J.: 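Quick one: the structure is below, and I'll ask about it shortly.
Note that the numbering runs from 1 along the sequence shown for the chain. Just so it is clear, the model here is predicted, and its values are computed rather than measured.
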Amino acid sequence: MTTKIGENKVVTRFAPSPTGYMHMGSVRTALFAYLFARNHNGKFILRIEDTDKERSKKEFDQAILDTMKWLGLDYDEIYRQSERGTIYRKYIEKLISEGKAFVSKEEVTEEGQRSEVIRFKNPNKKISFKDLIKGDVTFDTTELGDFVIAKSLDEPVFHLAVVVDDFEMGITHVIRGEDHVSNTPRHILIFEALGAPVPTFAHLPLVLAPDRTKLSKRKHGEIVSLEYYRKLGYLSVSIINFMALIGWNPGNDKEVFSISELIKIFDLEKVQKGGAIFNTEKLNWFNKHYIQLLSQEEKFLHLKELGDIPFLNEIGEKINLLNLMTERISNFSELAFSLKSGEYDFLFKKPEYSMDLIFWKGEVDVLKTKERLINVKTILEAVDSNSFNKEVIKESLWPFAEKEGRGSVLWPVRVALSGKEKSPDPFTLSEILGKDETLVRLVYAINLLS
Ligand code: GLU
């Protein structure tokens, strides 16, 4: 904890607008504001900025709540700007009565209709602030003119609402995307005009696509939104771990962090200044890692969440299939896809294959192959069904395989069990299929060779 904070309790906020599904950049902003607050035993506020009546949608508001819950980013308080109109009005009136804002008549329509807006009386001065990430920032506000802070007493614009809220909510640290840096001088002017303490700012570097352009929906499509990864069956722990390392690192090579470890070591001063690359290969790496840590029951629940999956009941009954099926996946929809495309059908129904496949590397010897399969059947019949697991199966078959040639024995057995050119090894398959089914499939192959 190297960031120096005064005696005040740290209060941060995440302030999304409910105008679309949550962007990965927003996930990162939420995470950093959360980690910073929790690291300092502070307060973390969720503020839904829904003043834009046309673009704000209830479903996106709900999506924000779902997302926060799914990510495990618990907040201490929640507000909606649409419910705070009287508060903004009070401050707008105060600014007007103190001569710090004024009603301005605007010429707007072609028909010559006049409308009014409320403008901030810009003191035209240099504003400097120390950004925790960007360092010293200085800005001459003259070029901003007397900017608009409300369309009417009841319609504050973004700048006014944000500042009033940050003040009223006692926000000590404004942690937000770099795209807001240019708004900060306006905000500081308003804080000063309200006689409010100016919070500390930390503007996070942009999240960039691997082509180093800003990660944008228009350009990069749905991969920019968290919803996409949820639908593909990524785990929230992977998303959290992955996003934490976008633009931040702990100063050493460690990469795998639980959320509680992140809370302990998170530090805004270690956030990099330049844009941070969003690399989905890395996300896949994390997700693979975290999938391996799940129990088979947990894996089952994740798979089930993806909806219509073939053989779901069978998998539920033979839960030990899941370690095998998830060995190589980067997300659960890959497994769903394999199941749908029939890749695992052989585990649930008898395989169909042509006899040629059963011969090991051109050893087209029907009698010999048949004899070997009969031997294997005899050996496996002797294995107790209660200890019919891959270790015991391997141990029992190994001497015979060594004697006859491994490929000559194990290839036909594997094909008999899977009907496929490529599949897991025959010991694993036997265990998964169970003793009865293993023997049934061997007999089928033996008969095929008659
Ligand atoms: N509502 C703003 C946005 O979604 C955030 C404003 C802020 O964090 O100050 O970009």
J.: Apply ring pair (Phe, Tyr, Trp, His ring centres under 6.0 Å) to F201 and F129, showing your working.
T.: CA-CA 8 Å; F201 291 93; F129 65 96; 5.6 Å; yes

J.: Assess, by modelled atom type and distance only, whether the side chains of T141 and R186 contain a donor and an acceptor separated by less than 3.5 Å.
T.: no

J.: For the aromatic rings, using the six-membered ring if either is Trp, is the centroid distance between F32 and W248 under 6.0 Å?
T.: no

J.: Run the salt bridge (charged side-chain N to carboxylate O under 4.0 Å, His left out) test against E192 and tell me which residues pass, sequence neighbours left out.
T.: K125

J.: Just checking, is any N or O donor in the side chain of Q62 or D66 under 3.5 Å from an acceptor N or O on the other one?
T.: yes

J.: Between the side chains of K231 and S333, does any donor sit under 3.5 Å from an acceptor?
T.: no

J.: Which residue in the set M24, M243, H23 passes side-chain contact (heavy atoms from CB on, under 4.5 Å) when paired with L226?
T.: M24

J.: List the steps and the verdict of ring pair (Phe, Tyr, Trp, His ring centres under 6.0 Å) for F242 and Y234.
T.: CA-CA 11 Å; F242 169 65; Y234 280 84; 9.0 Å; no

J.: Is it the case that over 12 heavy atoms from other parts of the model lie below 6.0 angstrom from the NZ atom of K340?
T.: yes

J.: Please say whether more than 12 non-hydrogen atoms of neighbouring residues, nucleotides or ligands are located less than 6.0 Å from CD in E352.
T.: no

J.: Side-chain contact test, heavy atoms from C-beta onward, threshold under 4.5 Å: evaluate it for K318 versus F348 and give yes or no.
T.: no

J.: Do the non-hydrogen side-chain atoms of F332 and T326 ever get within less than 4.5 Å of each other?
T.: yes

J.: Would you please say whether a donor-acceptor pair under 3.5 Å links the side chains of Q296 and N320?
T.: no

J.: Parallel, tilted or perpendicular, judged at 30° and 60°: which one describes the rings of F167 and Y91?
T.: perpendicular

J.: Distance only, no hydrogens: is a donor on one side chain within 3.5 Å (strictly under) of an acceptor on the other, for E155 and S152?
T.: yes

J.: Would the number of heavy atoms belonging to other residues, nucleotides or ligands and lying under 6.0 Å from NZ of K390 be above 12?
T.: no

J.: Taking the side chain as everything from C-beta on, heavy atoms only, tell me whether I78 gets closer than 4.5 Å to L65.
T.: yes

J.: Is there a donor-acceptor contact under 3.5 Å linking the side chains of E77 and Y79?
T.: yes

J.: Taking the ring centre of each residue, are Y34 and Y75 less than 6.0 Å apart?
T.: no

J.: Is the count of non-hydrogen atoms from other residues, nucleotides or ligands lying under 6.0 Å from E402 atom CD greater than 12?
T.: yes

J.: Going through the checks in order, is the side-chain hydrogen bond (donor to acceptor under 3.5 Å, both in side chains) test met by N331 and K288?
T.: CA-CA 7 Å; N331 63 57; K288 258 188 181 160; over 6 Å; no

J.: When the aromatic ring centroids of F158 and H187 are compared, is their separation below 6.0 Å?
T.: yes

J.: How about NZ on K349, more than 12 heavy atoms from neighbouring residues, nucleotides or ligands closer than 6.0 Å, or not?
T.: no

J.: Looking at side-chain heavy atoms only, is the closest gap between D166 and R13 below 4.5 Å?
T.: yes

J.: Does E83 CD have over 12 foreign heavy atoms under 6.0 Å away?
T.: yes

J.: So, the side chain of S341 versus the backbone of F337: is there a donor-acceptor pair under 3.5 Å, distance only?
T.: yes

J.: Any chance CG of D436 has more than 12 other-residue heavy atoms, nucleotides or ligands included, within less than 6.0 Å?
T.: no

J.: Among I315, I291, L322, exactly one meets side-chain contact (heavy atoms from CB on, under 4.5 Å) together with L335. Which residue is that?
T.: L322

J.: Hydrogens and angles aside, do R80 and S56 bring a side-chain donor and acceptor to less than 3.5 Å of each other?
T.: no

J.: I'd like to check V415 versus W360 (side-chain heavy atoms, cut-off strictly below 4.5 Å). Are they in contact?
T.: no

J.: Mark yes or no for whether D50, through its side chain, and P18, through its backbone, hold a donor-acceptor pair below 3.5 Å.
T.: no

J.: Please step through side-chain hydrogen bond (donor to acceptor under 3.5 Å, both in side chains) for the pair N287 and Y229, ending with a clear verdict.
T.: CA-CA 11 Å; N287 211 44; Y229 301 95; over 6 Å; no

J.: Assess the side chains of E298 and S295: does a donor N or O sit below 3.5 Å from an acceptor N or O?
T.: yes

J.: When you check the side-chain N and O atoms of N241 and S238, is any donor under 3.5 Å from an acceptor?
T.: no

J.: Do L429 and F346 make a side-chain contact, defined as non-hydrogen atoms from C-beta onward lying under 4.5 Å apart?
T.: yes

J.: So F147 and H159, would you call those rings parallel, tilted or perpendicular, with 30° and 60° as cut-offs?
T.: perpendicular

J.: Could you go through the ring pair (Phe, Tyr, Trp, His ring centres under 6.0 Å) check for Y21 and F60 one step at a time?
T.: CA-CA 6 Å; Y21 285 109; F60 298 133; 5.1 Å; yes

J.: List for me each residue that meets side-chain hydrogen bond (donor to acceptor under 3.5 Å, both in side chains) alongside R372, sequence neighbours excluded, and say none if there are none.
T.: E363, E404

